[in-house]
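Everything below concerns the one structure shown next.
Numbering starts at 1 and runs along the sequence shown. All ligand and atom numbering here is 1-based and tracks the order in the structure.
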Amino acid sequence: MIFYKLSNDLRDEIRHLRTLGKRIGFVPTMGALHQGHISLIQASALKCDVTVCSIFVNPAQFNNAEDLKHYPRTLSKDLELLAGFKNLLVYAPDEVSDVYKTDEDFAIDLGNIGLVMEAAYRPGHFNGVMNVVKRFFDLVTPDITFFGQKDFQQCLVVKMLIRHYGLPIQLEFCPITREQDGLAMSSRNEQLSSAERAIAPAIFKALLHAKEQVPVLSPHEIRKQVLNELQTYPDLLPEYFEIAETEYLHPVESWDDALNIVACITVRLGKVRLIDNIILK
Ligand code: AMP
């Protein structure tokens, strides 16, 4: 593993790798790394000669100042975790200005994806995501970039971004890595109290329960059941539970409305916001 603080140094190395004809994979992260992040790096290592992993808590994608303030920052631990990886370049800038060299706005119109679920609950969030991801893509010029399906809507945003700018980048969605009890791994899980942590697996249980009911119950009935089920936990407040087609996230009313359908959920558990999803068909 080689660690870069400065984008100019990384850019020079990427140019060098290009002259050698190396295939470059890219995994963007906000650090506080866990096995979910590692699975993305491993997926990249299988397909690429060199992987670039960025560790950058991007202020532009936080719509809530408190959330940004409390977001875990564990760089030395992260670097320790990555130390043994071969052919891995880690870009962890000290300064936001190393990423945002100009104030150019790369955000695009996302249509329905820019209106629902995360976009509705976190205004401006995806504009921040698009701006940082486009800057990273221009810096790293990856052949393949790896994103976690855990952030399902984000995957669709990045897909639209790549298409809009005509970038020659292949996008891979990687499966969700879970704890043994089913909770989707997340940097935010560390912020849960032990009582909250004990409740958290109810989220994935509800998603599994939803999947079991397909196609016997309608999307509307499943939605009602899941929300009722989660109401039994007083500390767990669902922000949304939506059943939607997987391309533009339009809600579905029947299982015949689309070929592929996903259930997406976000809950608040105490001060922590947890996100998860499951492919229903
Ligand atoms: P983050 O550091 O939360 O911004 O996540 C960086 C990347 O890791 C994103 O593409 C996430 O979707 C992905 N990721 C986060 N948690 C998981 C997980 N449990 N399983 C798979 N990928 C994940």
Going through the checks in order, is the salt bridge (Lys or Arg N to Asp or Glu O under 4.0 Å) test met by Lys47 and Glu172? CA-CA 11 Å; Lys47 297 201 168 170; Glu172 295 237 342; 2.7 Å; yes
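If you check which protein heavy atom lies closest to atom 4 (O) of ligand 1, you get Met30 CG, 3.6 Å. Atom 3 (O) of ligand 1 has as its closest protein heavy atom Tyr71 OH, 3.9 Å. Nearest protein heavy-atom neighbour of atom 10 (O) of ligand 1: Gly148 N, 2.9 Å. The protein heavy atom nearest to atom 21 (C) of ligand 1 is Pro175 O, 3.4 Å.
Backbone and side-chain nitrogen or oxygen atoms of His37 are examined, and one is located within less than 3.5 angstrom of a nitrogen or oxygen of ligand 1. For Ala184, no nitrogen or oxygen atom sits less than 3.5 Å from a nitrogen or oxygen atom of ligand 1, counting backbone and side chain alike. Taking any N or O of Pro28, backbone or side chain, none lies under 3.5 Å from an N or O belonging to ligand 1. Residue-to-ligand polar distances keep Ser39 apart from ligand 1: every N/O pair is separated by 3.5 Å or more. Between Thr177 and ligand 1, at least one pair of N/O atoms sits closer than 3.5 Å. For the pair Gly31 and ligand 1, the shortest N or O to N or O distance does not fall below 3.5 Å.
The part of Leu40 lying near ligand 1 is the side chain, judged by heavy-atom distances below 4.0 Å.
Counting heavy atoms from C-beta outward, Asn228 and Gln225 have side chains that stay 4.5 Å or more apart. The closest side-chain heavy-atom distance from Leu274 to Phe204 is not below 4.5 Å.
Aromatic ring orientation, Phe26 versus Phe136: perpendicular (interplanar angle above 60°, classes split at 30° and 60°).
Within ligand 1, counting atoms from 1 as listed, the ones closer than 4.0 Å to a heavy atom of Met185 are 16 (N), 17 (C), 18 (C), 19 (N). Proximity to Asp151 (heavy-atom distance under 4.0 Å) selects the following atoms of ligand 1: 11 (C), 12 (O). Short contacts between ligand 1 and Phe147, defined as distances under 4.0 Å to a heavy atom of the residue, involve ligand atoms 10 (O).
By the rule that hydrophobic residues join a cluster once side-chain heavy atoms approach within less than 4.5 Å of another member, Ile176 and Phe146 end up as members of separate clusters.
The pair Glu239-Arg273 meets the salt-bridge criterion, with a side-chain N (NZ, NE, NH1 or NH2) lying under 4.0 Å from an Asp/Glu carboxylate O. Taking the charged nitrogens against the carboxylate oxygens, Lys22 and Glu13 have no contact shorter than 4.0 Å, which rules out a salt bridge. The existence of a salt bridge linking Arg15 and Asp12 is confirmed by a sub-4.0 Å separation between a basic side-chain nitrogen and an acidic carboxylate oxygen. Between Arg18 and Asp143 there is a salt bridge, since at least one side-chain N of the basic residue sits less than 4.0 Å from a carboxylate O of the acidic one.
Donor-acceptor pairing under 3.5 Å is recorded for the side chains of Tyr91 and Asp98.
Between the choices Gln149, His34, Arg178, the shortest heavy-atom distance to atom 16 (N) of ligand 1 belongs to His34.
At a 4.0 Å cut-off, not a single heavy atom of Cys155 sits close enough to ligand 1 to count as contact.
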